[in-house]
2 protein chains.
Amino acid sequence: MTIIDIARLSGVSKSTVSRVLSGAGNVSQEARDKVMAAVQESGFRRNDLARSLRSGRTGMIGLLIPDIANPFWADVARGAQDAADAEDISLLIFNSDWDPERERRHLQALTQSRVDAAIVNPVRDGLDDFLRFQIPLVLIGSSAERFPQLPSVGSDISQGVSIGLDRIVAAGLGMPALLVGDAERTARERFVAAVRAVGEAEGWPLDEMRLEDGQYTVEGGRAAMERLLKAGPPRVVFAANDLMALGALQAIRAAGLRCPEEVALLGFDGIPAAEVSTPALTTVGKPSREIGRQAFKLLNRKVTGQAEAPRLSLPCTLIERETLPRIDHPRAVGTG
Amino acid sequence: MTIIDIARLSGVSKSTVSRVLSGAGNVSQEARDKVMAAVQESGFRRNDLARSLRSGRTGMIGLLIPDIANPFWADVARGAQDAADAEDISLLIFNSDWDPERERRHLQALTQSRVDAAIVNPVRDGLDDFLRFQIPLVLIGSSAERFPQLPSVGSDISQGVSIGLDRIVAAGLGMPALLVGDAERTARERFVAAVRAVGEAEGWPLDEMRLEDGQYTVEGGRAAMERLLKAGPPRVVFAANDLMALGALQAIRAAGLRCPEEVALLGFDGIPAAEVSTPALTTVGKPSREIGRQAFKLLNRKVTGQAEAPRLSLPCTLIERETLPRIDHPRAVGTG
DNA sequence: TTGAAAGCGCTAACAA
DNA sequence: TTGTTAGCGCTTTCAA
């Protein structure tokens with residue numbers, strides 16, 4: 001079934017069929033009706049491959065993220081899909097697993113399938129090879145920093161840390177101990193730097209700040225918290241991510257300590273699991289879905305060539321739950 | 001950049017370039033070397049669009065699921081991607097949001113982009129329209145039952161219910177109250193039917209079995225459990241999904257009841273959040289990733305035309321955690 | 001082992 | 001408003 005068959009069935013030329021199918025204006029109503037009838041009857045579907053080959057547009061964009069099974073990235077993907085969907089764009093999704101070799105392979109697949117554009121969370125610097133193809137690109141995630149020449153969208157870690165810390169201060173808890181993951185260097189450093197910046201303004205004794213590194217998992221958080229606990233329980237802990245915070249919460253409770261009365265806890269990310277812990281985890285939520293949505297929009301602007309390399313930093317929001325003491329006499333809590 | 005450029009650069013014909021790029025055997029080493037050098041130097045990437053148009057294969061498959069941001073479906077997607085990846089197949093992923101109209105639109109996108117095959121969780125009966133395109137299809141999820149003529153893969157609910165119930169019986173808890181969601185009719189009915197089947201064998205007074213319907217969310221589970229509690233706390237509750245179980249757990253604890261000592265609880269699904277609740281939720285885990293993986297494999301068998309319409313029902317596994325009392329004198333727990 | 005030539009299904013000048 | 005024609009970049013006979 002091709003447009004030639006439809007042309008034959010409806011008694012017009014294939015150009016006219018093409019015009020009808022593309023919604024061109026200059027077609028008589030009569031021709032349009034005949035074509036549509038033939039399409040309906042035959043169940044014909046235009047071959048987008050041929051269309052793309054000719055037109056140079058595929059209507060597909062690539063999305064390269066670390067892991068679709070990770071709730072944060074799944075949410076980013078969903079945001080991008082929702083935005084793409086509204087414009088009839090399809091998404092080709094790949095997982096890099098933080099592995100440069102996979103990234104390279106998938107980037108190659110993206111160029112070969114001639115996606116119109118791509119949204120990428122870069123693992124390493126292997127992007128250079130990709131850039132020569134001039135495919136419109138938007139970077140997402142903290143590692144985007146390494147490519148200042150490219151447009152990107154991410155969450156505003158400084159602002160997130162800031163509202164989190166403000167909340168801790170407002171509760172009268174003082175300088176927190178930090179729980180950080182080893183998954184992403186840049187993310188880790190940004191987190192710590194942001195805490196230090198606020199701490200300096202607050203006049204905290206930053207030399208005495210306790211900082212525990214651990215694996216970026218529930219188990220890693222539990223282990224790191226146990227180490228912290230062994231050296232004497234901190235009054236409040238700020239974890240760089242929710243998974244570790246959840247592990248820390250388990251360690252706190254396992255040690256017979258009450259949260260938030262004895263050890264208060266603040267997470268970072270806003271993953272769904274944080275909602276159902278006991279007590280429910282107070283955390284700084286990243287705008288994951290919005291990141292995906294905005295990344296797509298940025299892409300689109302690039303495609304139509306209206307803008308150049310903007311760097312979006314979307315605000316985080318404080319998700320009030322139960323692991324931080326209530327503020328009885330609320331003091332202003334900044335929003336960044 | 002096309003193979004014609006490469007042909008020119010390397011001093012051979014474009015046919016030879018094509019042969020080298022496709023790994024055909026009948027090419028001299030000399031020609032191969034020259035072509036590869038030119039490719040390397042120029043950074044040429046074969047246009048898969050043209051290739052697909054000519055060869056009739058796109059190397060892409062479609063995946064149509066309700067919601068990629070849902071941890072179960074994200075995991076299914078990941079399983080499919082892992083399997084696809086191993087064969088250099090790309091995935092075009094769409095979300096139906098359980099909406100027949102979206103499903104229809106995305107199915108159409110799939111046919112137009114000429115995917116080699118598709119994995120679909122059907123929402124309604126709107127698949128009929130799609131079937132005429134003869135695209136190899138594998139169904140996933142409980143609604144696949146409505147299309148007995150199509151190959152499918154899903155989890156074995158009966159077996160999952162059976163091992164869950166065996167575990168409850170082994171703990172000496174007797175007939176459970178049921179918490180079921182309204183999201184999917186077929187899934188709900190299958191769950192209840194499976195419980196009844198086991199209950200009959202156990203000699204339970206099924207007429208007295210308490211069954212509470214609710215929304216398929218944490219909040220829905222909490223509300224349903226509160227209703228159950230109001231009429232007198234059941235000794236054990238079997239929830240048809242983890243989200244509701246987690247809500248139920250909150251209701252149990254809010255009522256000042258101890259879990260599992262006073263009210264024991266068993267979930268169904270195996271979502272990540274169930275791992276970090278307090279107490280951690282004992283649940284029957286669905287083989288989500290394996291479903292995706294097997295769906296892809298089935299697809300592939302269809303593509304190469306070796307098999308006909310198999311229906312895979314993958315076993316669930318009991319995830320022992322803390323909301324069911326320990327079994328001190330373990331009795332055999334069936335595995336289906 | 002190689003090259004010439006036809007054509008996959010469509011779009012986009014161009015001419016009528 | 002319509003049809004004719006020339007490709008888009010590749011694979012695949014076929015003949016050499």
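Owing to the predicted nature of the structure, the values given are computational and were not obtained by experimental measurement. Numbered from 1 within each chain, the chains take letters A, B, ... in sequence-line order.
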What I'd like to find out is whether the side chain of A:Val153 reaches to under 4.5 Å of the side chain of A:Leu298, using heavy atoms alone.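 Contact flag for A:Val153/A:Leu298 side chains = yes.
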
Could B:Asp75 and B:Lys286 be called an ion pair, given the rule that one side-chain N must be under 4.0 Å from one carboxylate O?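 Between B:Lys286 and B:Asp75 there is no salt bridge, as every charged N stays at least 4.0 Å from the carboxylate O atoms.
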
So, A:Arg78 and B:Asp67, do they make that salt bridge, N to O below 4.0 Å?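 Salt bridge flag = yes for B:Asp67 with A:Arg78.
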
Enumerate the salt bridge (Lys or Arg N to Asp or Glu O under 4.0 Å) contacts for residues 13-28 of chain A, please, sequence neighbours excluded, ordered by first and then second residue.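 Output for this query is empty, none listed.
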
Side chain of B:Gln81, backbone of A:Ile93: donor and acceptor closer than 3.5 Å?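 Yes, the answer is positive, given that a donor and an acceptor are paired below the 3.5 Å cut-off.
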
Show me the pairs that pass ring-ring contact (aromatic ring centres under 6.0 Å, His included) and involve residues 70-113 of chain B, at least two apart or across chains.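 Qualifying pairs, neighbours excluded: B:Phe94-B:His106.
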
Report for the helix from C:dT1-D:dA16 to C:dA16-D:dT1: angle between first-end and last-end helix axes, five pairs each, rounded to 10 degrees.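 Its terminal axes enclose an angle near 30°.
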
A:Thr58 vs A:Asp116, side-chain hydrogen bond (donor to acceptor under 3.5 Å, both in side chains): CA-CA, chis, key distance, verdict: CA-CA 6 Å; A:Thr58 54; A:Asp116 294 330; 3.2 Å; yes

Output yes when at least one side-chain N/O atom of A:Thr16 is less than 4.0 Å from OP1 or OP2 of D:dG3, else no.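 Result: yes.
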
State whether the number of non-hydrogen atoms from other residues, nucleotides or ligands found under 6.0 Å of A:Gln108 atom CD is greater than 12.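 Yes, enclosed.
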
Counting only heavy atoms not in B:Gln149, do more than 12 fall under 6.0 Å of its CD?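 Atom CD in B:Gln149 is crowded, with more than 12 foreign heavy atoms closer than 6.0 Å.
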
Whole angstroms only, please: what is the CZ-P distance between A:Arg32 and D:dT1?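 Answer to the nearest Å: 9 Å.
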
Students should find this one: the first and last nucleotides of DNA chain C, 5' to 3', lying under 4.0 Å from a heavy atom of chain A. What are they?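 Span of nucleotides near chain A: C:dG9 to C:dA13.
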
Annotated protein contacts, base or backbone, on nucleotides 10-16 of chain D with a non-hydrogen cut-off under 4.0 Å, one of B, S, - each: BBBB---

Checking B:Arg102 now: which residues fulfil salt bridge (Lys or Arg N to Asp or Glu O under 4.0 Å) with it, not counting sequence neighbours?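 With sequence neighbours excluded, B:Arg102 shows a salt bridge (Lys or Arg N to Asp or Glu O under 4.0 Å) to B:Asp97, B:Asp99, given in chain and number order.
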
